[in-house]
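A short worksheet on the structure shown next.
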Amino acid sequence: MRIISWNINSLRLRLPLLKELIDLANPDIICLQETKVPDNLFPQEDIKALGYPYIAYKGMKSYNGICILSKHSFEISPSSKNWCNQEDCRHLAVDFHFEGKLVTLHNFYVPAGGDEPDPSINTKFEHKLNFLKETTDWFKKNIEENSILVGDLNIAPLEHDVWSHKQLLKVVSHTPIETQKLTSWLKTGFIDAMREIVPSTEKLYTWWSYRNKDWEKSNRGRRLDHLWITPSLAPYLQTIQIFKEVRNWEKPSDHVPILLELKENLSS
DNA sequence: ATGGTCGTACGACGA
């Protein structure tokens, strides 16, 4: 079972890249963030033609938007929610069967939080912190035994999730209040699958800014995208993969796709 | 170097 998460930064603009990614990675399920397409304009037929007949999407004009594309059937999960009383298309969850289990897959796009890491003067940062509090409180009470949570969480929690821990401590995405809150959310019952595979002592990034043309050479990346699983699924964890090469494709997103692979037929 | 580049939608905003 191969599950991709990718902040695509406009689904319609990057449909050709999505096709290339499918050819490269052959995912069973694709979770996209920042689709930037209202539901009435969602390119449903194009997606089906790519081999993904099961589709769930929640989009709006210009901003945000998420979708889940699958080769296998699923149901929209009742835990798909609006957060902070805003219908801003940042979360979608589906239920599907895997190895005799019912698994809930959450796809999140956490608010980026603006530039100033002070909630008293920056309402976008305040929103980000409130969002993290709400999700953490909700998962504390409502997490399902077999859960996967993926998406652009817009926080790089560990020292080696950023190119310079010291220089980014006051930069939104790596401030202590954010990394603490993300860790609290993780600890509601998840395992950081990427760090199960790649030790925390190694640099690991999923995002490189558009503002740095020579992104690969300077390598000032951050791990903003995440793959979390509950302990019940840990025995199935086969590997993770970061498709860094996609950042060099024509007209790329600033985020690269990440893959979670779960073993099937574990007992046989 | 305190800038830089994107996408959306056509000016300004969000990232």
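The structure displayed is predicted, hence computed values, not measured ones. Numbered from 1 within each chain, the chains take letters A, B, ... in sequence-line order.
The CG-P distance, from A/D214 to B/dT5, rounds to 13 Å in whole Å. Atoms CG (A/N64) and P (B/dC13) sit 17 Å apart, rounded to a whole Å. Put simply, CD on A/Q33 is 21 Å from P on B/dC6, counting in whole angstrom units. In this structure, A/Q86 atom CD and B/dG14 atom P are separated by 12 Å, rounded to whole Å. Across the protein-nucleic acid pair, A/R14 atom CZ and B/dC6 atom C1' stand 8 Å apart, rounded to whole Å. One atom, NE2 of A/H255, and another, C1' of B/dC6, lie 11 Å apart when rounded to the nearest Å. Atoms NE2 (A/H127) and C1' (B/dA15) sit 15 Å apart, rounded to a whole Å. Atoms CD (A/E116) and P (B/dA15) sit 15 Å apart, rounded to a whole Å.
Residue contacts shown for A/R220 are absent, as no nucleic acid heavy atom lies under 4.0 Å away. Across all strands, A/R90 comes closer than 4.0 Å only to sugar-phosphate atoms, never to a base (heavy-atom distances).
In this structure, A/K128 pairs ionically with A/E178, as a charged nitrogen and a carboxylate oxygen lie closer than 4.0 Å. Between A/D23 and A/K19 there is a salt bridge, since a side-chain N of the basic residue sits under 4.0 Å from a carboxylate O of the acidic one. Contact check on A/D46 versus A/R12 returns no salt bridge, with no Lys/Arg side-chain nitrogen under 4.0 Å from an Asp/Glu carboxylate oxygen.
Among the nucleotides B/dA9, B/dC6, B/dA15, the one closest to the side chain of A/A112 is B/dA15. Minimum atom distance to the side chain of A/K61 is reached by B/dA9, of the listed B/dG14, B/dC6, B/dA9. With B/dA9, B/dG4, B/dG14 as the candidates, the nucleotide lying closest to the side chain of A/R211 is B/dG4. Out of B/dG7, B/dG14, B/dA9, the shortest distance to the side chain of A/N9 is found at B/dG7. The side chain of A/Y210 sits closest to B/dT5 out of B/dG14, B/dA9, B/dT5.
Nucleotides B/dG11 and B/dC6 have their C1' atoms positioned 16 Å apart, rounded to a whole Å. Nucleotides B/dA9 and B/dG4 have their C1' atoms positioned 22 Å apart, rounded to a whole Å. The separation of B/dG7 from B/dG3, taken at their P atoms, amounts to 23 Å, rounded to a whole angstrom.
Note: A/H165 and A/H174 have perpendicular aromatic rings, judged against thresholds of 30 and 60 degrees for the angle between ring planes.
Geometrically, A/R90 does not engage A/W83 in a cation-pi contact defined by less than 6.0 Å to the ring centre and at most 45° from the axis.
Listed pair A/K251 / B/dG7 meets the phosphate criterion, a side-chain N or O lying under 4.0 Å from OP1 or OP2. Residue A/K124 places none of its side-chain N or O atoms closer than 4.0 Å to OP1 or OP2 of B/dC13.
Comparing A/P252 and A/D152 along DNA chain B, the residue whose closest nucleotide (by nearest heavy atom) sits nearer the 5' end is A/P252.
A donor-acceptor pair is defined here as one N or O able to donate and one able to accept, closer than 3.5 Å; such a pair exists between the side chain of A/Q33 and the backbone of A/N7.
Pairing partner, B/dG14: B/dC6, with both Watson-Crick or wobble hydrogen-bond distances short of 3.5 Å.
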